[in-house]
Trainee: 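For reference, the structure I am asking about is given below.
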Amino acid sequence: MNEISVSESTSILRKNYTGHLAYISDEKPYVVPITYYFDPEDNTLISYTTEGHKVNALRKNSSVSLVVEEIQSMVNWESALVLGEFEELDGEKAKEKLRTFIEGIKGIIHRQEHKNVEFINEFSSKSYSRGNPIIYIIKILEITGRRRET
């Protein structure tokens, strides 16, 4: 297993849109899958959620980590690890970031999966039945990565 550079780790973030977000709630660690978009304009990760356990915990403790993996086999994989800080957005900033999120992911899906998606529910399973979406960013404080290949 080898460490990879920050630019290689960032490339993993750019090419993907799902990862596993880790956070702390009541002194216990939790890990959940999320859909995200890496925004190269401000070196952040954009995502959204609804009211619930995750966002309540993130409002109390904004420290997070995110792992994104590309796994071909047990001996051929690479991953990026982000250490960051949660920031909830509102107003025009939230609307702008949500548009960036949607357009960014649509571009990734088009390039990699050769599919055209029109609506957010085609690539994200969040339901608005629990209220309006909560748009947030993860400010990247540190990024590392590893690779294993034979």
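The structure displayed is predicted, hence computed values, not measured ones.
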Trainee: For Tyr48 and Ile135, work out which heavy atoms get closest and say how close.
Mentor: CB-CD1, 3.7 Å

Trainee: Taking all non-hydrogen atoms of both residues, which atom of Ile134 and which atom of Thr50 are closest, and how far apart?
Mentor: CD1-C, 3.8 Å

Trainee: Heavy atoms, side chains only, cut-off 4.5 Å: are Asn56 and Leu58 in contact?
Mentor: no

Trainee: Between the side chains of Glu78 and Arg146, is the shortest nitrogen-to-carboxylate-oxygen separation below 4.0 Å, so that they form an ion pair?
Mentor: no

Trainee: Met74 and Arg148: which non-hydrogen atoms are nearest, and at how many Å?
Mentor: O-NH1, 3.9 Å

Trainee: Nearest 0.5 Å please: distance from the CZ atom of Arg14 over to the CG atom of Asp39.
Mentor: 9.5 Å

Trainee: Got a second to check how far Leu81's CG is from His20's NE2, nearest 0.5 Å?
Mentor: 13.5 Å

Trainee: Considering residues at least two apart in sequence or located in another chain, which fulfil the ring pair (Phe, Tyr, Trp, His ring centres under 6.0 Å) criterion with Tyr136?
Mentor: Phe86

Trainee: Any salt bridge linking Arg99 with Glu96? Criterion: basic side-chain nitrogen under 4.0 Å from a carboxylate oxygen.
Mentor: no

Trainee: Check whether any side-chain heavy atom of Val82 sits under 4.5 Å from a side-chain heavy atom of Leu45, and report yes or no.
Mentor: yes

Trainee: With the side chain counted from C-beta on, respond yes when Leu89 and Ile137 share a heavy-atom pair under 4.5 Å apart, and no when they do not.
Mentor: yes

Trainee: Specify the closest pair of heavy atoms between Ile4 and Ser9, including all atoms of both residues, with the distance to one decimal.
Mentor: CG1-OG, 3.5 Å

Trainee: Under the criterion side chain to side chain contact (heavy atoms under 4.5 Å, CB included), which of Asn76, Asn2, Val75 is the partner of Glu149?
Mentor: Asn76

Trainee: Under the side-chain contact (heavy atoms from CB on, under 4.5 Å) test, which residues partner Ser63, sequence neighbours left out?
Mentor: Asn61

Trainee: Any non-hydrogen side-chain atom of Asn43 less than 4.5 Å from a side-chain atom of Phe38?
Mentor: yes

Trainee: Can you confirm whether or not the ring centre of Tyr36 sits under 6.0 Å from the ring centre of Tyr17?
Mentor: no

Trainee: Kindly indicate whether the side chain of Glu85, heavy atoms from C-beta on, has any atom under 4.5 Å from the side chain of Ile138.
Mentor: no

Trainee: At what distance, to the nearest 0.5 angstrom, does CD1 of Ile24 lie from OG of Ser65?
Mentor: 8.5 Å

Trainee: For Ser5 and Glu8, run side chain to side chain donor-acceptor pair (under 3.5 Å): C-alpha distance rounded to whole Å, both residues' side-chain angles, the deciding distance at 0.1 Å, then the answer.
Mentor: CA-CA 5 Å; Ser5 69; Glu8 289 172 305; 3.2 Å; yes

Trainee: Do Tyr23 and Lys54 come close enough that some side-chain heavy atom pair is under 4.5 Å?
Mentor: yes

Trainee: Starting from Leu141 and following side-chain heavy-atom contacts under 4.5 Å between hydrophobic residues (I, L, V, M, F, W, Y), which residues can be reached?
Mentor: none

Trainee: For the pair Arg147 and Glu3, find out whether any cationic side-chain nitrogen is under 4.0 Å from an anionic carboxylate oxygen.
Mentor: no

Trainee: Side chains of Leu83 and Ile143: closer than 4.5 Å at any heavy-atom pair?
Mentor: no

Trainee: Quick check: closest heavy atoms across Ser47 and Thr35, and the distance to 0.1 Å?
Mentor: OG-O, 2.7 Å

Trainee: In plain terms, say whether Lys60 and Asp26 are close enough for a salt bridge, that is, a side-chain N and a carboxylate O under 4.0 Å apart.
Mentor: no

Trainee: Between Asp90 and Lys97, is the salt bridge (Lys or Arg N to Asp or Glu O under 4.0 Å) condition met? List the steps.
Mentor: CA-CA 10 Å; Asp90 58 15; Lys97 287 294 185 180; over 6 Å; no

Trainee: Do Ser62 and Glu87 have side chains that approach each other closer than 4.5 Å (heavy atoms only, starting at C-beta)?
Mentor: no

Trainee: Over all heavy atoms of both residues, which pair between Ala22 and Val31 is shortest? Give the atoms and the distance, please.
Mentor: CB-CG2, 4.0 Å

